[in-house]
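Take a look at the structure set out below.
Throughout, protein chains are lettered first and strands after them, A, B, ... in sequence-line order, and every chain is numbered starting at 1.
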Number of protein chains: 2
Amino acid sequence: MSLENGKDPFKAMRKREDFEEALYDLAETFRVLGDLTRVRILMALVGSESCVRDLAESLDLSDSAVSHQLRILRNSRLVKFRKDGKNAMYSISDEHVATIFREGLEHVEGL
Amino acid sequence: MSLENGKDPFKAMRKREDFEEALYDLAETFRVLGDLTRVRILMALVGSESCVRDLAESLDLSDSAVSHQLRILRNSRLVKFRKDGKNAMYSISDEHVATIFREGLEHVEGL
DNA sequence: CGTTCATATGAACATGTGTTCATGCGTTTG
DNA sequence: CAAACGCATGAACACATGTTCATATGAACG
């Protein structure tokens with residue numbers, strides 16, 4: 001940003017807009033997490049990276065479905081991947097994700 | 001709580017059916033959180049309970065929209081409420097929710 | 001080479017979802 | 001009491017979304 005914070009009369013407004021944008025991103029992240037297939041994929045990736053084919057087999061899904069969902073997870077930075085020959089190895093990208101999962105599980109346990 | 005025993009909370013799940021069901025509930029909870037309107041409502045409720053009318057006004061939403069969304073949040077045990085005369089006072093129901101929000105915000109900050 | 005394997009992607013379809021509108025219901029207030 | 005208020009809810013509509021199917025790409029391997 002080019003304006004100095006101290007002299008910008010719209011500083012407060014920009015901060016509010018930044019907050020609204022953060023809320024939008026937060027909702028978007030939860031929206032991505034709010035699908036059983038993606039939750040199962042992420043759970044399978046907790047602690048052990050895996051390729052598309054193995055995920056599809058262990059979760060009983062089509063390769064295509066897994067690939068589609070992994071793209072969505074990738075776009076939300078919830079998983080990262082590296083190429084290994086003709087395989088694409090996926091893994092959890094973020095420590096916060098595990099925490100979110102743990103807290104979420106504790107929440108549903110309390111139901 | 002059964003998940004409080006230390007290193008790996010996921011292994012605390014004993015039966016596979018229970019685990020699958022927990023994943024379903026987890027995805028359902030995230031699905032509910034994955035909507036901007038509901039995120040804004042929850043943020044407004046963090047730290048201060050509020051009634052439908054005030055939420056609608058401060059968030060620039062219709063009473064009906066707020067009420068519909070609050071019902072969804074209620075069904076997921078994300079908010080609780082008490083009747084106060086003709087008002088319905090809503091508040092965050094679960095301390096895990098605040099943690100989930102905090103971790104989620106840190107995640108989106110890292111984008 | 002050509003074939004096979006792993007992955008990606010677009011289109012299409014069916015299903016799910018959030019909002020608005022209209023209305024109902026209980027409680028407070030004049 | 002009657003009117004106003006706060007809230008809830010069903011129907012309907014517009015829109016988003018996940019899966020499947022077909023196909024494309026690109027790397028290993030005979």
Legend entry - With A:Arg31 via side chain to side chain donor-acceptor pair (under 3.5 Å) - residues at least two apart: A:Glu28
Inset, instruction - Determine, for nucleotides 13-23 of chain C in 5'-to-3' order, which nucleotides have protein heavy atoms under 4.0 Å from the base (write B), from only the sugar-phosphate (write S), or from neither (write -). - result: ----SSSBBB-
Legend entry - Residues forming a side-chain contact (heavy atoms from CB on, under 4.5 Å) with A:Thr37, sequence neighbours excluded: A:Asp35, A:Ile41, A:Leu61, A:Gln69
Legend entry - Separation of C:dC5 P from A:Leu55 CG (nearest whole Å): 19 Å
Inset, instruction - With sequence neighbours excluded, tell me which residues meet side-chain contact (heavy atoms from CB on, under 4.5 Å) with B:Ala65. - result: B:Ser62
Legend entry - DNA chain C contacts among residues 79-89 of chain A, heavy-atom distance under 4.0 Å: A:Lys86, A:Asn87, A:Ala88
Inset, instruction - Sequence neighbours left out, what passes salt bridge (charged side-chain N to carboxylate O under 4.0 Å, His left out) with A:Glu49? Give chain and number order. - result: A:Arg82
Inset, instruction - Could you tell me which residues satisfy salt bridge (charged side-chain N to carboxylate O under 4.0 Å, His left out) with B:Glu20, sequence neighbours excluded, listed by chain and number? - result: A:Arg40, B:Arg16
Legend entry - Results of side chain to side chain donor-acceptor pair (under 3.5 Å) for B:Arg71 - residues two or more places apart only: none
Inset, instruction - Not counting sequence neighbours, which residues clear salt bridge (charged side-chain N to carboxylate O under 4.0 Å, His left out) with A:Glu21? List them please. - result: none
Legend entry - Bend angle of the helix from C:dC1-D:dG30 to C:dG30-D:dC1, end axes from five pairs each (to 10°): 20°
Legend entry - side-chain contact (heavy atoms from CB on, under 4.5 Å) against B:Lys86, all qualifying residues, sequence neighbours excluded: none
Legend entry - Test side chain to side chain donor-acceptor pair (under 3.5 Å) applied to B:Asp63 - qualifying residues, sequence neighbours left out: B:Arg53
